[in-house]
Amino acid sequence: MNGWQRGISLFVMLFTAVLTPNAWGAVIGITNSQPLVFGKFVAGTGGSIIVSTSGARSPTGSVVLLSSGSGSAAQFNITGDAGVTYAITLPADNTVSLTDNSSHTMGVTSFISDPAVTGTLSGGGTATLTVGATLVVNNAQVTGEYSGSFDVTVNYN
Amino acid sequence: MNKNFQQHALKLATMSAIAMGLSTIAVDSYAANVASASANASPVAAISIALDNNNNLNFGKFVPGTGGTISVNAAGGRSVTGAILPLSNPAPGAARFNVTGDVNASYSITLPSNGTVILSDGATHTMAVDNFVSTPAAGVGTGNLGGGGSQQLSVGATLTVANGQVAGNYTANFNVTVDYN
């Protein structure tokens, strides 16, 4: 076999190995079904809002929550091999922020999830993951609608 | 020479194709095991309350007689107990406030406690004002700013008049507090 024939063979082998799904089970997948919502509040001189994995809000500092705009945890659906465990990767602190698209921002930190760190797919190969976090509210935060996005990763472990 | 060049070019092309093939399998937001979610938050204006058009709580003029009470309700209606003779001019009236803030927000209303508001004639004579009432009523989340982001809040109370209360003009200030809930 000459040089280029070996090259082509190598290319075909690599192509096959990379693009064929794992022959022993399903690829793990995750989709988002609900956003993370911090709701309505008055910033005052600042503080934070913690949204728990159940969607309950807790203010700190001088932040006042309005019941007319409640919060909710983000929700994800995971699929894969039945009974297999998986690891969850949440955004690190200082990587996510919300903006009003008019130069005003608020950081989102301390992401938490349920399950936390790892989970197990059900007998049907599914799992539900809820994600909360802490919104950092600045002194005299300008009023408006702020939004942003974040990624959640799952891997078999 | 030509054949070697062709072989060399094909090897390079093959290696480039492999490199490109591998680089497109890098994990990003579009990979099956990564999902992106949106997050949002809505800071809104603080709630505020202000007296509307100088509509103060006014018990009006009256002859105290042997004393009793005068009540002004949140609608501005006046009733008396005891031997008090109410006079019609000036007319009595409830205090009226405008509460403003975020649309459809509910809010709590706090009125003065009994024993905290005392009218004085500026000399040594006083009359206590108690049993504050309001529309909407005092309490947690009893108010709602509706689609216009505002609501009128009316406040009444009961004045205790002593037997032979000394004639004069008796005044005091009182506070009403509102908070989003």
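Proteins come first, then strands; the chains are lettered A, B, ... in the order of their sequence lines, and each starts at number 1. The model shown is predicted, which means the values in this text are computed figures rather than measured ones.
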Side-chain donor-acceptor pair present, [X], [Y], cut-off under 3.5 Å:
X: A:Thr45; Y: A:Ser62; answer: yes
X: B:Thr158; Y: B:Asp130; answer: no
X: B:Thr177; Y: B:Thr110; answer: no
X: A:Thr105; Y: A:Thr99; answer: no

Chain A: which of B:Asn104, B:Asn144, B:Asp102, B:Ile47 shares the most heavy-atom pairs with it under 4.5 Å? B:Asp102
So which of A:Ile49, A:Val152, A:Asn155 has the largest heavy-atom pair count under 4.5 angstrom toward chain B?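 Looking at each of A:Ile49, A:Val152, A:Asn155 in turn, A:Val152 comes out on top.
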Under 4.5 Å, counting heavy-atom pairs only, tell me which of A:Ile78, A:Leu65, A:Val154, A:Thr31 racks up the most with chain B. A:Val154
At a 4.5 Å cut-off on heavy atoms, which part of [X] comes close to chain B: side chain, backbone, both, or neither?
X: A:Phe76; value: side chain
X: A:Val108; value: neither
X: A:Ile28; value: both

Run the ring-centre check on A:Phe38 versus A:Tyr146 and record whether the distance is less than 6.0 Å.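 For A:Phe38 and A:Tyr146, the ring centres are not under 6.0 Å apart.
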